[in-house]
*Asks:* 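Quick one: the structure is below, questions incoming.
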Amino acid sequence: MRSGDKILIVLLLIAAVVYLAYDYFKTREAQLVAVVIQNGEVVQEIPLTEDNAGEYTFEWNGHYNIVKITSSGAEILAADCLNQNCVHQGEIKAAGESIVCLPHRFVVEIRAAENEVDFIVK
Amino acid sequence: MNKKLLLICLSLMLLSGCASREMPIRTRQIFAMDTIIEINAYTDDEQIVDQIEQRVVEIEKLMSRTIPNSEVSQINDLAGTDAVRVSEDTYAVLKAAEKYHQLSNDAFQITVLPLVELWNIGSDQPQVPDATRIDEVKQFCSSRYLELNEVEKTAYLTNSQAGIELGGIAKGYVADEVIKLLKEDGIEHALVSVGGGIQALGGKLDHQPWVIGLENPIDATRGYFATCEITDGAIVTSGDYQRFMIVDNERYHHLIDCKTGYPVDNGLASVTIWSSNSIDADALSTAVYVMGIEKGAELINSIEDTEALFVTHNKDLIITQGLKDRLNIVDKGFSINEIR
């Protein structure tokens with residue numbers, strides 16, 4: 001084996017390890033995203049950051065849900081549904097948690113690149 | 001030497017390609033049965049989630065008490081008048097309900113409808129019914145008024161004031177039917193959720209188990225308090241925190257005890273059941289919640305491959321033997337207090 005070959009092999013191996021490490025840490029990043037789903041369709045994905053903090057209004061079939069986003073979580077501030085279950089649920093913070101407003105077919109889910117749990121039984 | 005180099009390069013290319021060769025996961029949220037149903041299935045078949053949605057809607061049309069002319073509505077409308085011939089689906093659920101009514105010694109009753117309508121928890125104008133009215137109504141909440149005919153496949157409510165609702169069992173039936181369709185389609189890895197309970201099929205694509213969180217029943221804003229792994233089978237929770245109303249600072253939840261006519265009040269925040277299928281887990285979670293720790297644990301221990309977790313308002317956890325090494329408590333506010 002020539003020395004040039006050896007150097008090439010070592011370089012390739014280092015590149016592979018660096019790539020795999022980058023991939024591993026990239027997917028492990030703790031960035032949480034609030035995914036807003038209405039009638040089964042994802043309507044908006046809002047990363048939980050300071051920049052995105054605020055109130056978001058979602059309208060559907062003449063009704064509304066107002067979602068409050070902070071850098072740490074999401075909650076439904078107000079809605080014109082009859083039972084108000086979604087408003088009473090309060091803030092969700094952890095990946096896998098969700099708020100469901102059944103009358104408006106409206107769901108807010110917290111997701112991470114890699115959730116610690118696949119589903120939360122309620 | 002160049003061959004060696006080529007081999008190394010090829011292996012590295014294969015290695016980096018591993019992650020991208022996954023089968024797609026098909027997901028669908030279905031709003032039916034007064035709840036949300038979520039399908040997550042690893043499959044190349046694009047049609048399967050549509051077929052599942054059709055099947056769910058079909059079952060809802062048979063078993064919803066709020067859809068006029070559903071089979072359950074017909075049974076209720078003809079209470080005290082006539083028997084109703086029902087589909088195999090509805091009959092199967094009625095038979096399962098009868099089984100759990102007997103096993104739970106009257107704790108599980110689909111004939112709770114008159115009380116459910118009286119309390120009407122979840123409505124826009126919550127109020128606590130009058131005590132005399134509760135007494136009047138609860139006498140009609142008895143399974144002795146429901147007659148099933150195996151040969152004719154009919155159901156008959158013998159008292160005009162009686163009524164049935166399948167809220168404590170039909171969701172479990174739906175989950176089992178969804179899993180059946182997935183299996184028939186050759187799907188080996190899926191996670192199905194109906195109304196907050198789950199049923200797992202074959203773990204994840206890489207054969208790792210699904211990781212399930214159990215929601216904190218005392219304070220849902222705290223997320224989940226424990227996790228567990230599951231490859232196949234169902235997990236369903238019943239608790240006082242799921243549907244409730246607050247009147248004069250008092251909380252009234254939706255699980256009504258037919259014996260008292262009031263929401264169950266036995267110190268339990270929730271009961272979670274592990275079982276091989278969802279209909280059993282669904283019915284048992286309600287039954288055992290109503291029965292309480294003592295009798296509930298006794299019942300669970302008499303049924304094979306079934307486990308229970310009781311959570312009290314004091315954050316004490318009582319588990320059956322089979323859960324000893326399966327639960328991972330992540331919220332240190334909770335602790336396993338007793339194994340039965």
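Here is how names work: the chains are called A, B, and so on, in the same order as the sequence lines, proteins then strands, and each is numbered from 1.
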*Asks:* Kindly write out the residues that satisfy ring pair (Phe, Tyr, Trp, His ring centres under 6.0 Å) with Phe119(A), not counting sequence neighbours, or none if the list is empty.
*Replies:* none

*Asks:* Please indicate whether Gln44(A) has more than 12 foreign heavy atoms, meaning atoms of other residues, nucleotides or ligands, lying under 6.0 Å from its CD.
*Replies:* yes

*Asks:* Roughly how far, to the nearest 0.5 Å, is the CD atom of Glu45(A) from the CZ atom of Arg111(A)?
*Replies:* 6.5 Å

*Asks:* Under the salt bridge (Lys or Arg N to Asp or Glu O under 4.0 Å) test, which residues partner Asp280(B), sequence neighbours left out?
*Replies:* none

*Asks:* Top residue by heavy-atom pair count (under 4.5 Å) with chain A, among Lys204(B), Glu229(B), Arg28(B)?
*Replies:* Lys204(B)

*Asks:* Among residues 88-103 of chain A, which residues come closer than 4.5 Å to chain B, judged by heavy atom distances?
*Replies:* Gln89(A), Gly90(A), Glu91(A), Ala95(A), Glu97(A), Val100(A), Leu102(A)

*Asks:* According to side-chain hydrogen bond (donor to acceptor under 3.5 Å, both in side chains), who are the partners of Thr306(B), at least two apart in sequence or on a separate chain?
*Replies:* none

*Asks:* At a heavy-atom separation under 4.5 Å, does Glu116(A) approach chain B through its side chain, its backbone, both, or neither?
*Replies:* both

*Asks:* Heavy-atom distance under 4.5 Å to chain A: side chain of Glu38(B), backbone, both or neither?
*Replies:* side chain

*Asks:* Tell me, for Ile110(A) versus chain B, whether the close heavy atoms (under 4.5 Å) come from the side chain, the backbone, both or neither.
*Replies:* neither

*Asks:* Does any backbone or side-chain atom of Ile212(B) lie under 4.5 Å from a heavy atom of chain A? Answer side chain, backbone, both or neither.
*Replies:* both

*Asks:* Does the separation of the ring centres of Tyr252(B) and Trp119(B) fall below 6.0 angstrom?
*Replies:* yes

*Asks:* State, with a plain yes or no, whether a side-chain heavy atom of Glu41(A) is found less than 4.5 Å away from one of Gln29(B).
*Replies:* no

*Asks:* Please classify the contact between Thr227(B) and chain A as side chain, backbone, both or neither, with a heavy-atom cut-off of under 4.5 Å.
*Replies:* side chain

*Asks:* Rounded to the nearest 0.5 Å, how far does CD1 of Ile121(B) lie from CG of Leu255(B)?
*Replies:* 8.5 Å

*Asks:* Tell me whether Asp34(B) is salt-bridged to Lys171(B), with the criterion being a basic N under 4.0 Å from an acidic carboxylate O.
*Replies:* no

